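Worksheet: one structure, shown below.
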Amino acid sequence: MEVALELLGNWADALVQLLLQPFYYISILFMMLVYRRQVLLERKLFHVRLHSWGLQTWRTFIGGLLAGISVSIAIAFLGISLSAQAVWCIWIVAILLLLLRVRYLCFAYSIGILGVIQFVLGFFPGWTPEGWIGTAAATVRELDIPALLALVAVLHLAEALLVKLQGAGFANPVFMESKRGKLVGGYQMQAFWPIPLFLLIPAYTSGAQLPWTPLLGGDGWSGGFSMVALPVVIGFSEMTQSMLPQVKANKTFKRLLVYSVVLLALSLLASWWKPLMIVAALVSFLAHEGLLWYSRLEEQQNSPMFVHPELGMKVLAVIPGSPAESLGIRAGESIVKINGISIRTKEQMHAALRKNPAFCKLEVRNLQGESKFLQRAIYAGEHHQLGAILAPDPDAGVVLVMKPVSIFQLIAMKVQSRNKTGAQLGKPHDSDAAEM
């Protein structure tokens, strides 16, 4: 009972710390900006909204809260040493990286870089500058990098599970250029989760001791424990033109799972053999970059999925609540006939729908190449394409421009797209605006 009461009291103190720190609010605001920008992109490309940025924000807030509870429990058994100064140090590095590229707002980068800095400072033990530089150097020297890298590994394990469960729900259809310069359909998959962590840390107090001994920290836990709040942002970004969103999310889940297990193993080994610390720190951000590079290479080598077949029109996405959704049409399927008329262009599709404006009969070819026959009444005011967003024409239309985005461009709420003649329509938009 004594331990439970002290845990509850420490949690209340940590909650106050969390509410007084600006970082958790910054992460939620950043998340809202990203989802709002995605809605603007949908309206620009398709003149319709497929997602609600408010609902997306709420989903990631709840997912992040549940992940934060789970990770906090896991880290309580691993053990970590972290001060308030260390929290500020980690977040300052993360925000500086954010100014370079949005997806660098990831502790895999900031903690990995701090590990490299600590390794370099180890060659200059007598260097003790004055002022804030000396304070920052002393804080970095005292960081328990292996434990922090273990935290990064556990966070990415939680991220992998969130991608598996929610990743496909954050897929936004886009038009992009293939490696041959043709316009194809695809998906931009971005999601962020703000994670409030409540971390048990060793403390020399006269209070109760934990009924278990955390894996890291050794005898430091014999003097009691305390708790510190650490707000974290995790998220992922993928672009795919060769797979359905759920397939891509499953692949990302498996790769993140391998990454987190390898990093966790290296960080635990580094806690027992210090020379491995620099290896684990480098793996933290270099392997993270490697996952992104491999994903892009995979997309380049695979054939585009969302292009029109010889017969029919490929469906890129379906508007929620539309006739296409009620008919059971799915992304990746092809509409072959409407009211008995074979279609190969949007003009033919509109003409076939006008043949019987009150009712339609469809022949749709599913992902297995089998035909299914659908029919439904059509009511006034419903979408002119039944609510199906079709793959683009290969030589005409508006295409998303893939360029890195900074936090300033995100705040400006501008997206960059151009038509196939090269006319400029907006400001830069990022294909990898989130981290994996």
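Worth saying up front: this structure is predicted, and the values here are computed from it rather than measured.
- Among residue pairs with one or both ends in residues 283-295, those qualifying as salt bridge (charged side-chain N to carboxylate O under 4.0 Å, His left out) are R103-E289; sequence neighbours excluded.
- Using modelled atom types and a 3.5 Å distance limit, the side chains of S242 and K248 yield no donor-acceptor pair.
- Applying the salt bridge (Lys or Arg N to Asp or Glu O under 4.0 Å) rule to E42 yields no partners; only residues at least two apart in sequence or on another chain are considered.
- Checked against E159 for a side chain to side chain contact (heavy atoms under 4.5 Å, CB included), the options L157, L155, L161, V163 give a single hit: V163.
- The number of heavy atoms from other shown groups lying within 6.0 Å of CZ (F359) is above 12.
- Within the 6.0 Å centre-distance limit, the rings of F306 and Y187 are counted as a close aromatic pair.
- The pair E238-R255 does not meet the salt-bridge criterion, since no charged nitrogen lies less than 4.0 angstrom from a carboxylate oxygen.
- Cation-pi contact between R101 and Y109: absent, since separation from the ring centre below 6.0 Å together with deviation from the ring axis within 45° is not met.
- Residues satisfying the salt bridge (Lys or Arg N to Asp or Glu O under 4.0 Å) test with K251, not counting sequence neighbours, are E298.
- Within the cation-pi definition used here (under 6.0 Å to the ring centroid, within 45° of the axis), K164 qualifies as a partner of F253.
- The distance from the OH atom of Y24 to the CG atom of L29 is 13.0 Å, given to the nearest 0.5 Å.
- The two atoms that bring L327 and Q375 nearest to each other are CD2-O, 3.5 Å, heavy atoms only.
- By the 4.5 Å heavy-atom criterion applied to side chains, M189 and S237 are not counted as neighbours.
- For the atom pair CZ (R365) and OG (S334), the distance works out to 7.5 Å, reported to the nearest 0.5 Å.
- Listed by chain and number, the residues in a salt bridge (Lys or Arg N to Asp or Glu O under 4.0 Å) with R376 are E382 (sequence neighbours excluded).
- Around atom CD of Q368, more than 12 heavy atoms belonging to other residues, nucleotides or ligands sit under 6.0 Å away.
- Applying the salt bridge (charged side-chain N to carboxylate O under 4.0 Å, His left out) test to pairs two or more places apart or on separate chains, those with a residue in residues 319-343 are E333-K372.
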Assess the residue pair Y35 and F192 against the criterion (ring-ring contact (aromatic ring centres under 6.0 Å, His included)); give the C-alpha distance rounded to whole Å, side-chain angles, the decisive distance to 0.1 Å, and a yes or no. CA-CA 9 Å; Y35 296 141; F192 289 92; 7.1 Å; no
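- To the nearest 0.5 Å, atoms CG (L390) and NZ (K314) are separated by 11.5 Å.
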Which donor-acceptor pairs under 3.5 Å do the side chains of residues 62-70 make with protein atoms, sequence neighbours left out?
unit_1: S70; atom_1: OG; unit_2: L66; atom_2: O; d: 3.1

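- Closest of all the heavy-atom pairs between C360 and N339 is CA-OD1, 3.2 Å.
- Ring geometry for W193 against F170 counts as perpendicular: the plane angle is over 60°, on a 0 to 90° scale with 30° as the lower cut.
- Aromatic ring pairs are classed by plane angle as parallel below 30°, tilted from 30° to 60° and perpendicular above 60°; the pair F23 and W91 is parallel.
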N250 vs Q246, test: side chain to side chain donor-acceptor pair (under 3.5 Å). Steps then yes/no. CA-CA 6 Å; N250 289 337; Q246 188 59 59; 3.1 Å; yes
